[in-house]
Chemist: 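Structure below; questions to follow.
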Amino acid sequence: MKQKRVVLTFPPELVEQPMVYNLIKKYDLMVSILRANITANEEGRLVMEVRGKKNDVDAGMAYLASIGIAIQPLAQDIKWHEKKCIHCTFCVPTCPTGALQVDEQSKLVSFIKDKCIACEICVKVCPYKVVEIQF
Amino acid sequence: MTKTIKEINERIKKGKAVVVTAEEVIELADAKGFKKAAQEVDVVTTGTFGPMCSSGAYLNFGHSKPRIKVGGGTAYLNNVPAYTGLAAVDIYIGATALPDDDPRNSVYPGSFSYGGGHVIEDLVSGKDVRMSGTSYGTDCYPRKAIETWINIKDLNEAVLFNPRNCYQNYNVAVNLSDRVIYTYMGMLQPRLGNANYSSAGQLSPLLNDPYYKTVGLGTRIFLGGGVGYVVWNGTQHNPGVPRTAGGVPRSPAGTLAVMGDLKGMSPAWLKGASFTGYGATLTVGIGIPIPVLNEDIFRYTLVKDEDIVSQLVDYSQSYPQVQPGSLGEVNYKDLRSGRITINGKQVPTGGISSYAKAREIAQLLKRWIAEGAFFLSEPVAGIPSADSGVSCKLLNERPMPKTRY
């Protein structure tokens with residue numbers, strides 16, 4: 001089983017392609033759409049999580065690339081500026097996936113990139129602009 | 001067992017003072033026993049690092065040639081308005097001030113990305129700050145406008161002067177309504193979605209000296225990474241609230257007014273903050289040393305998070321409408337566990353005041369004292385305590401006569 005979170009950028013002419021349908025039907029992948037910004041005749045962006053057999057995930061990604069979709073790992077678009085963090089734990093209860101955690105002993109907040117789904121709730125909540133998400 | 005501040009300072013000078021933090025002292029008393037620990041410890045250091053809106057700095061930027069009197073005119077620092085109702089070139093920049101063109105909450109919820117607190121952080125960071133000012137012009141102060149860069153190192157005075165800091169305990173905020181609300185206690189999710197609290201608890205200065213037996217006017221403190229002083233009780237000082245048997249106020253109580261030389265402070269301990277939907281402010285670091293003058297004073301420093309309780313307050317209705325009553329009481333040990341139970345529901349908790357940074361401040365102050373770089377001061381007057389009759393009152397609004405047109 002392989003799991004991957006990716007940001008897909010596709011040109012206007014691909015907006016109407018049944019891309020998700022193909023990933024599910026042809027490549028047997030489980031697809032969760034985390035965020036999407038898609039408008040006809042405009043460049044579209046889609047943040048998704050795909051799960052499936054390693055070969056299927058790789059083949060699915062190769063298919064997306066072959067039709068002209070730019071793929072990049074989600075983690076690349078999220079920055080947690082550790083130096084700005086004052087470890088108040090304000091963000092911790094608002095994080096739906098537990099990507100922002102506080103250590104019981106040190107009381108320091110840490111960010112686990114792989115758990116982040118880029119929902120941006122913490123961006124609004126943090127008074128010190130510690131989290132930056134670039135889409 | 002009694003000691004005087006003078007004796008403790010002698011021991012600091014000789015490098016012999018025993019200094020521990022408000023966290024360490026709990027373990028020490030457990031290990032050595034109360035009597036022995038009380039005898040040994042000279043100073044207990046405390047700390048807190050949280051947003052404190054009633055903060056600001058006054059600056060004297062020096063006279064220009066020809067002279068201008070911004071007093072009675074206007075002054076802006078990086079587009080944030082400063083108060084000018086003072087002498088010609090004295091201004092006060094408050095932590096919550098916002099640029100005139102900030103959209104505020106007109107596009108709800110506003111982001112308040114840059115305000116007075118951020119100006120203070122920039123100043124203390126040594127960054128150049130753009131100052132513009134206007135005046136009406138007088139015979140002795142003819143100039144009517146000025147626009148220049150200023151830098152903290154060139155100012156005659158830059159003094160942090162905060163009318164209310166260091167709250168002794170604070171509400172725990174929740175939201176009983178059906179929509180997300182944005183408050184100074186942060187974003188509160190509907191139907192008890194989260195609970196936010198704001199106190200350093202067992203490390204908090206005034207919770208370790210609950211009756212203000214050692215802290216008073218003139219107490220030297222750690223302020224914003226530099227040295228400051230307690231100069232008065234803070235505004236809304238409310239020492240008469242109900243207390244636990246150990247003296248801990250069960251709701252927000254005492255406050256302090258503090259000041260110190262901004263030039264000696266650091267951006268690590270003075271940080272501009274933006275609260276979505278609420279406003280801009282300044283997060284301030286404060287550490288207060290408590291001299292262990294007798295066993296009574298020592299006993300208060302042993303307060304633990306589980307001994308400190310606070311009230312659960314609904315910020316959707318009861319806080320804004322000033323409706324009395326609390327949804328219940330919780331202690332800081334439970335709050336810090338990340339989850340509390342309210343009406344049978346598990347509610348995740350978040351802090352606004354940083355415990356990790358409060359700990360760092362108490363450690364820093366401990367080091368300063370142990371190294372002989374910081375001496376305790378004798379207060380010149382006390383702060384009104386629980387029996388003073390001082391209380392924080394609501395406004396008594398009196399109807400104005402209708403103006404006839």
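Everything numeric in this text was worked out from a predicted model, so none of it was measured. First the proteins, then the strands, lettered A, B, ... as listed; each starts at 1.
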Chemist: Ring-plane angle category for B/Y319 and B/Y315, please: parallel below 30°, perpendicular beyond 60°, tilted otherwise.
Modeler: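 Parallel.
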Chemist: Evaluate whether atom NZ of B/K345 has more than 12 neighbouring non-hydrogen atoms of other residues, nucleotides or ligands under 6.0 angstrom away.
Modeler: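 Yes, the 6.0 Å shell around NZ holds more than 12 heavy atoms from other groups.
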Chemist: Suppose a student defines contact as a heavy atom less than 4.5 Å from any heavy atom of chain B. Which residues in residues 51-71 of chain A would they list?
Modeler: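 The residues closer than 4.5 Å to chain B amount to none at all.
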Chemist: Do the side chain of B/S354 and the main chain of A/H87 share a donor and acceptor less than 3.5 angstrom apart?
Modeler: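 Side chain of B/S354 to backbone of A/H87: a pair is present.
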Chemist: If you tally heavy-atom pairs under 4.5 Å against chain A, which of B/S113, B/G338, B/G193 wins?
Modeler: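 Max contact count across the listed options: B/S113.
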Chemist: Just so I understand: if I count every heavy-atom pair under 4.5 Å between each of A/I86, A/V92, A/I121 and chain B, which residue has the most?
Modeler: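 The option with the most such pairs is A/I86.
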Chemist: Picking from B/N194, B/V347, B/N196, which has the most non-hydrogen pairs under 4.5 angstrom with chain A?
Modeler: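 Among the listed options, the one with the most contacts to chain A is B/N196.
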Chemist: Can you list the steps and then say if A/F90 with B/F275 is a ring pair (Phe, Tyr, Trp, His ring centres under 6.0 Å)?
Modeler: CA-CA 11 Å; A/F90 214 11; B/F275 280 73; 5.6 Å; yes
Chemist: How about OH on B/Y108, more than 12 heavy atoms from neighbouring residues, nucleotides or ligands closer than 6.0 Å, or not?
Modeler: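 Yes, because the 6.0 Å sphere around OH of B/Y108 holds more than 12 heavy atoms from other groups.
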Chemist: Measuring heavy-atom distances to chain B, does A/K129 have an atom under 4.5 Å in its side chain, in its backbone, in both, or in neither?
Modeler: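 Answer is side chain: those atoms of A/K129 sit under 4.5 Å from chain B.
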Chemist: Above 12 or not: heavy atoms from other molecules or residues under 6.0 Å from NZ of A/K84?
Modeler: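 Yes, the 6.0 Å shell around NZ holds more than 12 heavy atoms from other groups.
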Chemist: Is there a donor-acceptor pair closer than 3.5 Å between any side-chain N or O of B/Q168 and the backbone N or O of B/L206?
Modeler: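 Confirmed, B/Q168 side chain pairs with B/L206 backbone.
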Chemist: With a 4.5 angstrom heavy-atom cut-off, could you sort out which part of A/Q101 is near chain B: side chain, backbone, both or neither?
Modeler: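 No part of it gets close to chain B.
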Chemist: Return yes when atom CD of A/Q3 has more than 12 non-hydrogen atoms of other residues, nucleotides or ligands closer than 6.0 Å, and no otherwise.
Modeler: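 Yes - once you tally the heavy atoms of other residues, nucleotides and ligands closer than 6.0 Å, there are more than 12.
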Chemist: Quick check on A/K107: does its NZ atom have over 12 non-hydrogen neighbours (other residues, nucleotides or ligands) under 6.0 Å away?
Modeler: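 Counting other residues, nucleotides and ligands, NZ of A/K107 exceeds 12 neighbours.
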Chemist: Counting only N and O atoms by type, is there a donor-acceptor contact under 3.5 Å from the side chain of B/S55 to the main-chain atoms of B/A95?
Modeler: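 No, the answer is negative, given that no donor and acceptor are paired below the 3.5 Å cut-off.
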Chemist: Looking only at heavy atoms and a cut-off of under 4.5 Å, which of B/S274, B/G186, B/G277 has the most pairs with chain A?
Modeler: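 Winner by heavy-atom pair count: B/S274.
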Chemist: Within a 6.0 Å radius of atom NZ on A/K113, are there more than 12 heavy atoms belonging to other residues, nucleotides or ligands?
Modeler: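 Yes, enclosed.
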Chemist: Could you check which of B/G351, B/P348, B/G350, B/S353 has the highest count of heavy-atom pairs closer than 4.5 Å to chain A?
Modeler: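 Top option by heavy-atom pairs under 4.5 Å: B/G351.
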Chemist: Measure A/C91 against the heavy atoms of chain B and call it side chain, backbone, both or neither at under 4.5 Å.
Modeler: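 The answer is neither part of A/C91.
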Chemist: Tell me which of these, B/R336, B/Q189, B/M187, B/R359, has more heavy-atom pairs under 4.5 Å with chain A than the rest.
Modeler: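 Most heavy-atom pairs within the cutoff with chain A belong to B/R359.
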Chemist: Is it the side chain or the backbone of B/Y182 that comes within 4.5 Å of chain A heavy atoms, both, or neither?
Modeler: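 Contact with chain A is through the side chain of B/Y182 alone.
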Chemist: Is B/R339 close to chain A through its backbone or its side chain, or both, or neither, when contacts mean heavy atoms under 4.5 Å?
Modeler: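 Neither; nothing under 4.5 Å.
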Chemist: Under 4.5 Å heavy-atom distance to chain A, tell me which part of B/T281 shows up: side chain, backbone, both or neither.
Modeler: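 Contact with chain A is absent: no heavy atom of B/T281 under 4.5 Å.
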Chemist: Tell me whether the count of non-hydrogen atoms from other residues, nucleotides or ligands lying under 6.0 Å of CG in A/D28 goes above 12.
Modeler: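 Result for CG/A/D28: open.
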